[in-house]
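Computed from heavy atoms alone, side chains included, the values below leave out hydrogens, waters and symmetry copies.
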Amino acid sequence: MDLISRTRAAVWHPCTQMKELDAVPPLAVARGEGAWLIDTDGRRYLDAISSWWVNLFGHCNPRINAAISDQLTKIEHVMLAGATHAPVVELSERLGRLTGLGHAFYASDGASATEIALKMSAHYWRNTGKPGKNGFISLQNGYHGETVGALSVTDIPLFKATYEALLRPTVQVPTPDARLAEPGESAEAWALRCADVLDAHLAEHAAATAALILEPLVQGAAGMAMYHPAYLTRARELCDQYEVHLIADEIAVGFGRTGTMFAFEQACASLPQAGERGQSGALRAQTGSIRPDFICLSKGLTGGYLPLSVVLTTDEIYAAFYGDATARGFLHSHSYTGNPLACRAAAAVLDIFEHDKVIAANRIKAIEFTKLLDEVRAHRRVRHFRHLGMIWAFDVADAGPAFATRFHHAALARGVFIRPIGHTVYVMPPYIVDAGAMRLLADALLACLGEAGV
Ligand SMILES: *Cc1c(COP(=O)(O)O)cnc(C)c1O
């Protein structure tokens with residue numbers, strides 16, 4: 001039996017109606033090489049969405065491979081309760097310096113990081129004598145993972161509705177998604193109007209609210225919805241004012257995706273006064289960014305190599321758990337917490353960022369690729385073309401119900417692996433894409449848009 005038949009028979013694929021696999025076989029990948037996936041017949045496909053947004057520096061990256069191989073000769077895994085090791089200590093120190101948040105708690109995937117941040121936030125309020133602060137607010141169309149707690153703060157009906165009976169009620173406030181601004185309204189003005197709704201909600205419910213969780217700047221699973229950083233600035237101010245934690249879910253946008261190492265860095269610590277706001281909606285020169293109370297990281301953390309996630313938080317929150325009573329501590333755990341191989345991969349990723357000055361290099365790459373997309377942006381079917389850092393997205397007009405599948409297939413035929421979300425096409429390439437790959441990708445997008453039946 002071939003691999004496709006065997007996978008249908010034995011593997012239950014994620015986020016998939018398995019019956020559809022009969023008509024749409026998965027790509028049988030034999031190898032990876034840089035930004036390319038190579039199937040069992042030797043055909044090459046550009047991994048234009050970085051294998052669900054996790055891959056930063058390509059498949060089989062020699063430097064990450066070397067770090068993991070080296071670690072394999074030392075210790076592959078040891079439990080992190082009652083033991084520690086250099087890879088987890090070094091990674092925690094480095095992430096602490098990068099985020100300004102001093103303590104790192106590890107898990108294995110993004111959804112678990114969400115669970116940890118939610119539990120830690122509510123537990124903090126309990127430890128500080130406010131057990132009633134245990135509710136959560138998230139943004140409309142937000143995505144924070146699929147486990148029951150994470151799904152409770154997720155707002156994507158396709159993933160959530162079926163399990164509604166299992167979930168804890170949470171509150172969703174309007175999304176600052178710039179596409180929803182009134183005609184003639186700036187993205188910033190719309191973001192601030194949305195923040196007013198958050199203000200009104202907190203004014204009434206802060207005493208029952210532990211935290212606001214959001215994806216800074218880009219709501220990925222909603223279809224790469226982008227919004228103005230003024231929302232984050234205002235959310236930070238409101239969370240301070242009403243004593244509510246701000247959880248930055250940077251699982252997708254962390255590690256340079258939005259053009260800065262972390263997306264929250266693009267939100268200034270304070271907004272200009274009303275009169276100072278420019279016509280263009282541009283903010284006053286940055287005077288230091290906001291800092292969330294918790295940041296959740298995963299996806300790019302290991303460069304797409306191994307499942308690892310982390311929640312970083314402030315010394316103040318950490319201190320509220322520190323004491324003589326065991327139950328005051330955060331007794332959450334996962335068997336593979338702080339896995340040494342994964343931590344070494346993550347450290348190798350940070351080395352590459354530093355050594356290759358990746359953030360600066362990406363800035364130039366992004367300008368070049370945006371230029372290559374001129375014709376796509378101008379295409380008659382393209383709406384709301386948007387770009388931030390190493391993410392590009394647009395909505396497609398006249399898209400039928402099976403648009404995503406048809407576009408996926410048309411792109412595969414042109415050597416590009418891409419999976420639209422509904423009628424939104426997005427590109428999130430590994431940072432190592434070269435000029436030739438970007439050209440191929442731009443040409444493929446344009447050709448697929450024009451193809452009959454797509
Ligand atoms: C992918 C994602 C998650 C969930 O991460 P998993 O590793 O898939 O559990 C949570 N939040 C955001 C913003 C994500 O993009």
Output yes when [X] and [Y] qualify as a salt bridge under the 4.0 Å nitrogen-oxygen rule, no when they do not.
X: Arg291; Y: Glu265; result: no
X: Lys119; Y: Glu115; result: no
X: Glu185; Y: Arg193; result: yes
X: Asp434; Y: Lys365; result: no
X: Arg414; Y: Asp443; result: no
X: Asp398; Y: Arg383; result: no
X: Asp109; Y: Lys299; result: no
X: Asp395; Y: Arg381; result: no

Side-chain ([X]) to main-chain ([Y]) donor-acceptor, under 3.5 angstrom:
X: Asp249; Y: Ile251; result: yes
X: His334; Y: Tyr336; result: no
X: Thr209; Y: Ala211; result: no
X: Glu215; Y: Gly220; result: yes
X: Ser298; Y: Leu308; result: yes
X: Arg236; Y: Ala269; result: no
X: Asn127; Y: Arg328; result: yes
X: Arg63; Y: Ile352; result: no

For the residue pair [X] and [Y], categorise the inter-ring angle as parallel (less than 30°), tilted (30 to 60°) or perpendicular (more than 60°).
X: His245; Y: Trp125; result: parallel
X: Phe394; Y: Phe385; result: parallel
X: Tyr227; Y: Tyr231; result: perpendicular

State whether the number of non-hydrogen atoms from other residues, nucleotides or ligands found under 6.0 Å of [X] atom [atom1] is greater than 12.
X: Arg126; atom1: CZ; value: no
X: Glu164; atom1: CD; value: yes
X: Phe159; atom1: CZ; value: yes
X: Glu375; atom1: CD; value: no

Please report the interatomic distance [atom1]([X]) to [atom2]([Y]), rounded to the nearest 0.5 Å.
X: Leu212; Y: Thr170; atom1: CG; atom2: OG1; answer: 11.0 Å
X: Leu198; Y: Cys239; atom1: CG; atom2: SG; answer: 6.5 Å
X: Asp374; Y: His379; atom1: CG; atom2: NE2; answer: 14.0 Å
X: Gln172; Y: Leu139; atom1: CD; atom2: CG; answer: 9.0 Å
X: Met226; Y: Arg179; atom1: CE; atom2: CZ; answer: 9.5 Å
X: Leu372; Y: Leu441; atom1: CG; atom2: CG; answer: 9.0 Å

Do [X] and [Y] make a side-chain contact, defined as non-hydrogen atoms from C-beta onward lying under 4.5 Å apart?
X: Leu388; Y: Gln266; answer: yes
X: Leu214; Y: Ile247; answer: no
X: Trp53; Y: Tyr426; answer: yes
X: Leu217; Y: Val253; answer: no
X: Met224; Y: Val425; answer: no
X: Ile290; Y: Glu237; answer: no
X: Leu297; Y: Leu312; answer: yes
X: Glu250; Y: Pro216; answer: yes

For [X] and [Y], test the side chains for any donor-to-acceptor distance below 3.5 angstrom and give the result as yes or no.
X: Thr370; Y: Glu368; answer: no
X: Tyr124; Y: Glu316; answer: yes
X: Tyr305; Y: Asn61; answer: no
X: Asp47; Y: Ser51; answer: yes
X: Tyr106; Y: Ser92; answer: yes

Residues Arg386, Asp177; criterion salt bridge (charged side-chain N to carboxylate O under 4.0 Å, His left out); working and verdict: CA-CA 11 Å; Arg386 49 201 183 272; Asp177 179 347; over 6 Å; no

Are [X] and [Y] an aromatic pair by the rule of ring centers under 6.0 Å?
X: Tyr45; Y: Trp36; value: no
X: Phe330; Y: His332; value: yes
X: His408; Y: Phe417; value: yes
X: Phe57; Y: Phe353; value: yes

Check against salt bridge (charged side-chain N to carboxylate O under 4.0 Å, His left out), Arg344 and Asp351: CA-CA 10 Å; Arg344 280 296 298 274; Asp351 288 342; over 6 Å; no

Candidate pair Asn134 and Arg168, rule side-chain hydrogen bond (donor to acceptor under 3.5 Å, both in side chains), full reasoning: CA-CA 11 Å; Asn134 59 36; Arg168 186 155 182 266; 3.0 Å; yes

Residues Lys130, Glu243; criterion salt bridge (charged side-chain N to carboxylate O under 4.0 Å, His left out); working and verdict: CA-CA 11 Å; Lys130 294 174 180 145; Glu243 288 201 300; 3.4 Å; yes

CA sep, side-chain torsions, deciding dist, call: Ser50, Arg257, side-chain hydrogen bond (donor to acceptor under 3.5 Å, both in side chains): CA-CA 11 Å; Ser50 297; Arg257 262 303 156 195; 3.0 Å; yes

side-chain hydrogen bond (donor to acceptor under 3.5 Å, both in side chains) assessment of Tyr143 paired with Asp155: CA-CA 6 Å; Tyr143 181 85; Asp155 186 43; over 6 Å; no

From CA spacing to verdict: salt bridge (charged side-chain N to carboxylate O under 4.0 Å, His left out), Arg234, Glu188: CA-CA 11 Å; Arg234 194 69 192 117; Glu188 182 186 16; over 6 Å; no

